[in-house]
K.L.:
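One structure coming up, written as structure tokens, with questions to follow.
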Amino acid sequence: MKFSRRKFFTTIGKGAACLAVLSSLPSVVWAKWNNTAFTATDLATAIEAKYPGLAIEDSDKVSLKAPAIAENGAVVPVSVKSDLDNISSISLFVVKNPSPLISTFNLSEHSVADVSIRIRMGTTSEVIALVEADGKLYRATSTVKVTIGGCGG
Amino acid sequence: MKLKVKAKASGGVVKVKMLIKHQMETGRRKDKKGALIPAHHLTEITAEYQGNKVFSTEVGPGVSKDPFLAFYFKGAAGESLKISAIDTAGETGAVDVTIK
């Protein structure tokens, strides 16, 4: 069978339309995973990729709970709380990890700013929590001493 | 992908605790022959309540193996909560729980 140029384009067009419909179907809409921020190898680059151009200030309204000494760097429990208003996201960074950005919590108006997660730490390092509220970043820092690293290799 | 989720309401706030079975391969580890094991980790976890996305987390390789996660949101007992997760390979997992 021979395809004419016109038929070729209409078929492609229909296929694309079908794909567009199909891809919009799933009930869960995945946000775009920020690859640049997660693969950045230093803190400044990671923060800039995650929150471009936002000012950072230290705040006592952000509380970061992390152990002073972690025996096993593969599992370090960390939690962040804050009583700031209009929080849109919370991000966790481990300064000396190969890629400092650990995770970002995207909050909605239904959320309460209190999250806990278990993270990996390669070595003794500062852990930074950044809370994004009203277009500004609020920071809390805590140092965790790691006896056995958990980044493999 | 196996998700274990517990949600408990008290005073209008629901506490959600979850454990997801996932190797969270960082892409930096080497196998016995010295070859790098490719990265394979979760990228996003989402919580849906009454048709609204109430919470989501973007995670990188810095999160521990078999991730544990806890968060709070405003909700009520008896309602259902849907937790979904996706990884770098595009594998997804989801679970519906009733808030206690």
K.L.:
Which one wins on heavy-atom pair count under 4.5 Å against chain A: B:Leu69, B:Val59, B:Val14?
P.N.:
B:Val59
K.L.:
How are the rings of B:Phe71 and B:Phe55 set to each other: parallel, tilted or perpendicular (split at 30° and 60°)?
P.N.:
parallel
K.L.:
Among the options A:Ser79, A:Ser116, A:Ser108, A:Ser103, pick out the one with the most heavy-atom pairs lying under 4.5 Å from chain B.
P.N.:
A:Ser116
K.L.:
Side chains of B:His41 and B:Asp87 only: does a donor on one sit below 3.5 Å from an acceptor on the other?
P.N.:
no
K.L.:
Could you please spell out the steps behind the ring pair (Phe, Tyr, Trp, His ring centres under 6.0 Å) verdict for B:Phe73 and B:Tyr49?
P.N.:
CA-CA 10 Å; B:Phe73 74 95; B:Tyr49 175 73; 5.0 Å; yes
K.L.:
Which region of B:Val13, side chain (C-beta onward) or backbone (N, CA, C, O), has a non-hydrogen atom less than 4.5 Å from a non-hydrogen atom of chain A, or is it both or neither?
P.N.:
side chain
K.L.:
Check whether A:Val78 gets within reach of chain B through its side chain, its backbone, both or neither, counting any heavy atom under 4.5 Å.
P.N.:
neither
K.L.:
Is B:Asp66 salt-bridged to B:Lys21, cutoff N-O under 4.0 Å?
P.N.:
yes
K.L.:
Is it true that B:Ser56 and A:Asn106 share a donor-acceptor pair across their side chains at a distance under 3.5 Å?
P.N.:
yes
K.L.:
Of B:Arg29, B:Arg28, B:His22, B:Gln23, which meets side chain to side chain donor-acceptor pair (under 3.5 Å) against B:Glu25?
P.N.:
B:Arg29
K.L.:
Can you tell which part of A:Val94 gets under 4.5 Å to a heavy atom of chain B, answering side chain, backbone, both or neither?
P.N.:
neither
K.L.:
Quick check on B:Lys65 against chain A: is it the side chain, the backbone, both or neither that has a heavy atom closer than 4.5 Å?
P.N.:
both
K.L.:
Sort B:Asn52 into side chain, backbone, both or neither according to what part of it lies under 4.5 angstrom from a heavy atom of chain A.
P.N.:
side chain
K.L.:
Under a 4.5 Å heavy-atom cut-off, does chain B meet the side chain of A:Lys81, its backbone, both or neither?
P.N.:
neither
